[in-house]
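So you know, we letter chains A, B, ... as the sequences are listed, proteins then strands, and number each from 1. If you're wondering where the values come from, they're calculated on a predicted model, not measured in any experiment. What you see below is based on every heavy atom in this structure, not just the backbone, and it leaves out hydrogens, waters and symmetry mates.
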Number of protein chains: 2
Amino acid sequence: MGTVSRVLNGSPAVSAASKEKVAGAIRQLNYRPLASARDLRRDRTMRILALAKNLDSPIVSEAFRGVGDAAALSGYVSLIAPTAGEPEREQQLVDMLRNGSVDGLIMFSPTMADDEIEAVATQMSVVQLCEVADSEAAFGVSIDDRQASYDITQHLIKSGGRKLAMIGNRAARSGRLREEGFRWALAEAGLSPEHLLFADGDFNFHSGRSLTRELLGSDRLPDAVFCGSDTVAAGCVREITDAGLRVPGDIAVAGFDDSIQAEMCVPGLTTIRQPAYDMGRVAFDALFERMTEPGAHRRGRTYLPHELVVRDSTKG
Amino acid sequence: MGTVSRVLNGSPAVSAASKEKVAGAIRQLNYRPLASARDLRRDRTMRILALAKNLDSPIVSEAFRGVGDAAALSGYVSLIAPTAGEPEREQQLVDMLRNGSVDGLIMFSPTMADDEIEAVATQMSVVQLCEVADSEAAFGVSIDDRQASYDITQHLIKSGGRKLAMIGNRAARSGRLREEGFRWALAEAGLSPEHLLFADGDFNFHSGRSLTRELLGSDRLPDAVFCGSDTVAAGCVREITDAGLRVPGDIAVAGFDDSIQAEMCVPGLTTIRQPAYDMGRVAFDALFERMTEPGAHRRGRTYLPHELVVRDSTKG
DNA sequence: CTGTTAGCGCTTTCAA
DNA sequence: TTGAAAGCGCTAACAG
């Protein structure tokens, strides 16, 4: 029934009387147009999907809040799915883009190899968020992780750090860039890293503690530690404190993300603020452009500005 | 093309030769069957949706991990969407169930009134998780919040608490039950509450701090505080410590959830462990039953066992 | 302004 | 075992 459809979609070519009658019937029957039929006909869903390994990181939830708000402004629904770091599940979710279950995809922490991401991104609407493949063929939004790590490492050095350690995460793209920034700042200051420790699996409070335990057990004690996340830094601070040493008196500690944990930690953590919410919005806007302008395949990256937040954990 | 469809769906009524040929073509063309067409024809999507206000709570992400794992075992994809506490967005997402975008719905922290939930849940596949409406008409999975709060309050009393305060959250269904449990334990011990404070808006670290500041400013200082979440309890501990008082020496503090923050806090927080992951699994299993067995409309609740976890924050 | 109709891409029944 | 064809519920083009 054409008229019903017209009423549903707010077409102006309907008389007030018909509109009234149809609207009444719709209410009466509690009728909802079937999404699959409409999607099939229109060849779009007005839905997008955002993928991440886990949801328990403050950066993820904040970034996805930005995605969701921007999506809502453009009339899209944004759905979220965790991959649990399992390639099969990630594949299944990426297939939702391929088979038209959603119109666009935002990838936060992919397990896929860079060239697979590239392959999907060149054909369909994909935007990478925070964790961006090295290749410039696909498009991504992030901070300049290398520069940010350089900045905070330089701050540690300026605050008197001479024997620097880093607890990082080579499994993540951003983690590798952060290591580069760390090395860069050290090289520039004529220093060499005292320790470089990397989480094997999880990159969380517990691994922060156990890696710091290693650090403290070594014969070359650092005077400053740069951790790749606030959560890990919180574990690091806790382990140092429990060992009877003081932060920052004996060892200064810096984190990354400026999540609530940077504030909760005692002492408060010096860290890098990522504008996660805005990154999410920008990511959606880029995706929107890609979805709506047929030829638009943006490449490369957009960097959003980060900010060094100095708290007591490095006030030597 | 019937044969193609038969190959895609693994029908046995296909010759090996055809199967080979079709599979080859599918690979060659990188063909994926369009979801909307299949969903329309089959009248189901093999997708479910899980709603929550925010994603930044550890309980939410853990519970949804359970939902996702159980869903994957049954061949379902589980999607997640935050409502931001906005009724319109919640409506739009619930409409995804009504219009067949998904086959089932798990509601974590609804904004909707109980009777609206009831109305949807009696007609369609809905399961409530953690936050369950008072009405028994719909089905939900949770711990026994009232009993759990009774247990931890009783522990505070046994540990020497006489002047008890609570920082709660009347905006949430579980929050109201926790208040009941608190009052119940006090009444049984012949005590009356010293303070009952409630977060207006957010129920987080900052509100924990500011409500505790009120508490400390009053002329009747409590000797024990029960907080409705670990995050709030962490804020409470921090405020007490910053004021120069000791936890638990001067004031004992208890949290709720047994999230990572209970461990990160100094001193470690006594709290109630919710089996969030299992609750998620059980919720999906109930939803699955509802989706697959036509007449199955379960009512009432399933309670999963909670556990009192005692740490230093109450060791008087 | 409104009713009729074709057709989106898939699954499934029916014949062959 | 396979091809042909109907039809899921919707939208959009068309004719009236």
Item checked: Residue Ser5(B), side-chain atoms from C-beta onward, closest of dC10(D), dT11(C), dC8(D) -> dT11(C)
Notebook entry, point to check: With respect to the phosphate group of dG9(C), does any side-chain polar atom (N or O) of Ser36(B) fall under 4.0 Å of OP1 or OP2?
Noted result: no
Margin query: Side chain of Val14(A), heavy atoms from C-beta onward: which of dC10(C), dC8(C), dT2(C) has the nearest atom to it?
Written below: dT2(C)
Notebook entry, point to check: What's the shortest heavy-atom distance between Arg173(A) and Ala113(A), and which atoms?
Noted result: NH2-C, 4.1 Å
Notebook entry, point to check: Rounded to the nearest Å, what distance is computed from the CG atom of residue Leu8(B) to the P atom of nucleotide dT12(C)?
Noted result: 12 Å
Margin query: Let me spell it out: for each of Thr3(B) and Leu40(B), pick the nucleotide of DNA chain C with the closest heavy atom. Which residue's pick is nearer the 5' end?
Written below: Leu40(B)
Notebook entry, point to check: Taking atom C1' of dC10(D) as reference, at what distance in whole Å does atom CG of Asn9(A) sit?
Noted result: 9 Å
Notebook entry, point to check: Nearest nucleotide by nearest heavy atom, which residue falls closer to the 5' end of DNA chain D, Tyr31(A) or Ala16(B)?
Noted result: Ala16(B)
Next item on the list: Describe the nucleic acid contact of Arg6(B) in one word from base, sugar-phosphate, nothing, applying a heavy-atom distance below 4.0 Å.
Entry: base
Notebook entry, point to check: Is the closest side-chain donor-acceptor distance between Asn204(A) and Thr231(A) under 3.5 Å?
Noted result: no
Notebook entry, point to check: Side chains of Asn99(B) and Ser101(B): is there a donor and an acceptor less than 3.5 Å apart?
Noted result: yes
Margin query: Which heavy atom of Ile59(A) sits nearest to which heavy atom of Cys130(A), and what is that distance?
Written below: CG2-SG, 4.2 Å
Notebook entry, point to check: For the pair made of CE in Met46(B) and P in dC10(C), what is the distance, rounded to whole Å?
Noted result: 18 Å
Check: Going by an N to O cut-off under 4.0 Å, is there a salt bridge joining Asp56(A) and Arg65(B)?
Finding: no
Next item on the list: May I ask you to say what Asp43(A) touches in the nucleic acid, namely base, sugar-phosphate or nothing, with a heavy-atom cut-off under 4.0 Å?
Entry: nothing
Checklist line | Euclidean distance, atom CD of residue Glu20(A) to atom P of dT2(C) [Å, nearest integer] | finding: 13 Å
Note to self: Among dC10(D), dA12(D), dT2(C), which nucleotide has an atom closest to any side-chain atom of Arg42(A)?
What the structure shows: dA12(D)
Notebook entry, point to check: Reckon Ser18(A) touches a base, only the sugar-phosphate, or nothing at all at heavy-atom distances under 4.0 Å?
Noted result: sugar-phosphate
Item checked: Atom pair distance, as rounded to whole Å: CG in Asp39(B) and P in dT11(C) -> 10 Å
Checklist line | Between dG9(C) (C1') and Arg44(A) (CZ): distance, integer Å | finding: 18 Å
Check: Of all the nucleotides listed (dA12(D), dG9(C), dT1(D)), which has the minimum atom distance to the side chain of Ala37(B)?
Finding: dG9(C)
Notebook entry, point to check: Which part of the nucleic acid, if any, lies within reach of Ser15(A) when heavy atoms closer than 4.0 Å are counted: base, sugar-phosphate only, or nothing?
Noted result: sugar-phosphate
Check: Where do Asn169(B) and Ala199(B) come nearest, in terms of heavy atoms and distance?
Finding: OD1-O, 4.4 Å
Notebook entry, point to check: Taking CG from Asn99(A) and P from dC8(C), how many angstroms apart are they, rounded to a whole number?
Noted result: 19 Å
Check: Rounded to the nearest Å, what distance is computed from the CD1 atom of residue Ile26(A) to the P atom of nucleotide dC10(D)?
Finding: 10 Å
Check: Which part of the nucleic acid, if any, lies within contact of Leu34(B), taking any heavy atom under 4.0 Å across all strands shown: a base, the sugar-phosphate backbone alone, or nothing?
Finding: sugar-phosphate
Next item on the list: Identify which nucleotide among dT2(D), dC8(C), dG9(C) has an atom closest to any side-chain atom of Arg41(A), counting heavy atoms from C-beta outward.
Entry: dC8(C)
